Number of protein chains: 2
Amino acid sequence: MSSAVTRARIVEIADRLFYERGYQHTSFADIGAAVGLSRGNFYYHFKSKDSILDAVIESRVASTRRMLAEWETEHDDPADRIMRFVEIVVTNGPDIRAHGCPVGTLNTELAKLDHALRGRARELFTVFRTWLRDQFALLGHADQADDLAMHVLTFSQGVAVLSNAYRDEEFVRREVDRMRDWLSTYSR
Amino acid sequence: MSSAVTRARIVEIADRLFYERGYQHTSFADIGAAVGLSRGNFYYHFKSKDSILDAVIESRVASTRRMLAEWETEHDDPADRIMRFVEIVVTNGPDIRAHGCPVGTLNTELAKLDHALRGRARELFTVFRTWLRDQFALLGHADQADDLAMHVLTFSQGVAVLSNAYRDEEFVRREVDRMRDWLSTYSR
DNA sequence: GTCTATAGTAGGATAGAC
DNA sequence: GTCTATCCTACTATAGAC
């Protein structure tokens with residue numbers, strides 16, 4: 001198989017496993033078994049486990065940007081776009097209940113490890129933060145746009161952690177409703 | 001040294017290291033170096049790493065209950081007690097910026113590991129949840145007390161994750177102010 | 001109750017054949 | 001590009017001396 005295709009498959013599988021089991025808890029053997037490659041062969045594609053993580057983060061940043069760009073074409077009203085983000089916790093409810101937020105849990109894990117790629121992982125938050133900030137600015141709240149963006153991120157992370165701990169779908173819906181009410185005070 | 005004292009010291013050190021570095025990332029050698037005990041000697045006190053974790057959780061549950069009981073003697077108004085909880089993210093700001101919330105990060109990590117003690121760790125959340133629920137009930141909101149308690153927990157977890165990722169003290173203060181405003185609508 | 005020595009395993013990483 | 005074989009290190013856990 002071509003190098004590029006195999007590399008992309010490794011990143012895709014590693015992405016899923018890092019999310020489901022965590023970075024530390026995922027071994028080369030795990031990725032190899034899922035991809036269908038021998039352990040030693042990874043080193044043809046990546047020079048270390050960290051470099052796989054780097055590629056995974058890069059891939060997540062890119063796919064997040066694509067998703068946000070798509071939301072912009074699907075909704076003209078910035079408030080609808082923001083609600084689209086808020087509702088991720090419902091849309092991806094099963095994954096989040098099982099494994100938490102992919103961005104939040106990765107940042108939390110890398111912070112404990114004091115890992116070199118902690119800063120790169122934080123960029124994943126920043127992609128959302130910047131985009132949310134822009135939406136609030138479009139709604140006419142340029143002066144407090146970043147603060148409001150952070151508040152929406154705070155909501156999403158809090159819901160993700162507790163929905164993961166309690167696996168409670170109803171709790172998530174109540175929090176989303178509360179957020180919708182809050183957001184309506186900032187809409188046009 | 002007596003068995004009980006050594007055991008208590010192991011739990012205390014392990015508690016701190018599990019918080020600072022995470023459970024997986026903390027080895028017996030790490031704990032041993034900090035306590036001043038040889039690796040092999042742990043097994044006189046604990047039969048496995050998991051049993052140390054169990055003791056750490058037990059210890060955290062007990063100290064949390066003590067803390068909450070103390071808050072009840074210090075504040076007569078349930079709203080003041082709730083604010084005392086809300087302000088943990090400021091009071092323990094440096095630790096939370098550096099290592100996240102001890103309860104949230106442990107729950108997140110154990111969920112990824114699908115660890116046997118996940119349920120025990122969740123009790124740590126439940127201690128706070130039940131106490132907060134009781135305070136809202138005292139404020140006359142018995143019908144929605146658990147929902148309000150979960151909302152306060154959601155705030156604390158969201159703030160902890162983002163304050164850990166961005167190490168931003170001002171962000172925390174803004175969120176606490178927002179929470180104070182919200183809480184005032186439920187006070188007497 | 002504490003120590004050293006060591007077994008046993010798993011994981012990251014490398015070398016070299018095909 | 002992929003494989004097997006292997007090295008090295010770190011870790012959990014046990015055995016047995018003191």
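The shown structure was predicted, so the numbers you read here are calculated from the model rather than taken from an experiment. Just so it is clear: chains get the letters A, B, ... in the order the sequence lines come, proteins before strands, and each one is counted from 1.
Nucleic acid contact class of B/T26 (heavy atoms, under 4.0 Å, all strands): sugar-phosphate only. Contact annotation for A/Y44: base contact, defined as any heavy-atom pair under 4.0 Å involving a base atom. The residue A/S38 sits close to a base: some heavy atom pair falls under 4.0 Å. Using a 4.0 Å heavy-atom criterion, one finds that A/Y43 contacts the bases of the nucleic acid, with or without backbone contacts as well.
The CZ-P distance, from A/F46 to C/dG11, rounds to 20 Å in whole Å. In this entry the distance linking CD1 of A/I10 with P of D/dT2 reads 8 Å, nearest Å. A/R21 places its CZ atom 10 Å from the P atom of C/dG11, with the value rounded to the nearest Å. For the pair A/F28 CZ and D/dT6 P, the computed distance is 21 Å after rounding to whole Å. Per the geometry, OH belonging to B/Y23 stands 14 Å off P belonging to D/dC11, to the nearest Å. If you measure from atom NE2 of B/H45 to atom P of D/dT14, you get 15 Å, rounded to the nearest angstrom. Here D/dT12 presents its P atom at 10 Å from CZ of B/F42, a figure rounded to the nearest Å. What separates CG of A/L37 from P of D/dT2 is a distance of 6 Å, to the nearest Å.
Exactly one of A/R84, A/Q135, A/R81 qualifies for a side chain to side chain donor-acceptor pair (under 3.5 Å) with A/H75. That residue is A/R84.
Two residues, B/A4 and B/G40, neighbour DNA chain C, and the one matched to the more 5' nucleotide by heavy-atom proximity is B/A4.
For B/T6 and C/dT2, the shortest distance from a side-chain N or O to OP1 or OP2 is below 4.0 Å. An OP1 or OP2 oxygen of C/dG1 is reached within less than 4.0 angstrom by no side-chain nitrogen or oxygen of B/N41. For C/dG11, neither phosphate oxygen OP1 nor OP2 lies less than 4.0 angstrom from any side-chain nitrogen or oxygen of A/H25.
Counting only heavy atoms from C-beta on, B/S3 has its side chain closest to C/dG1 among C/dG1, C/dG12, D/dT12.
A salt bridge does not link B/K112 with A/E109: every distance from a Lys NZ or Arg NE/NH1/NH2 to an Asp or Glu carboxylate oxygen is 4.0 Å or more. We find that A/D147 and B/R174 are joined by a salt bridge, their nearest charged nitrogen and carboxylate oxygen being less than 4.0 Å apart. Using a cutoff of 4.0 Å between basic side-chain nitrogens and carboxylate oxygens, A/R16 and A/E12 are not scored as salt-bridged.
Under the 3.5 Å distance criterion, the side-chain polar atoms of A/K49 are left unmatched by any main-chain donor or acceptor of A/S27.
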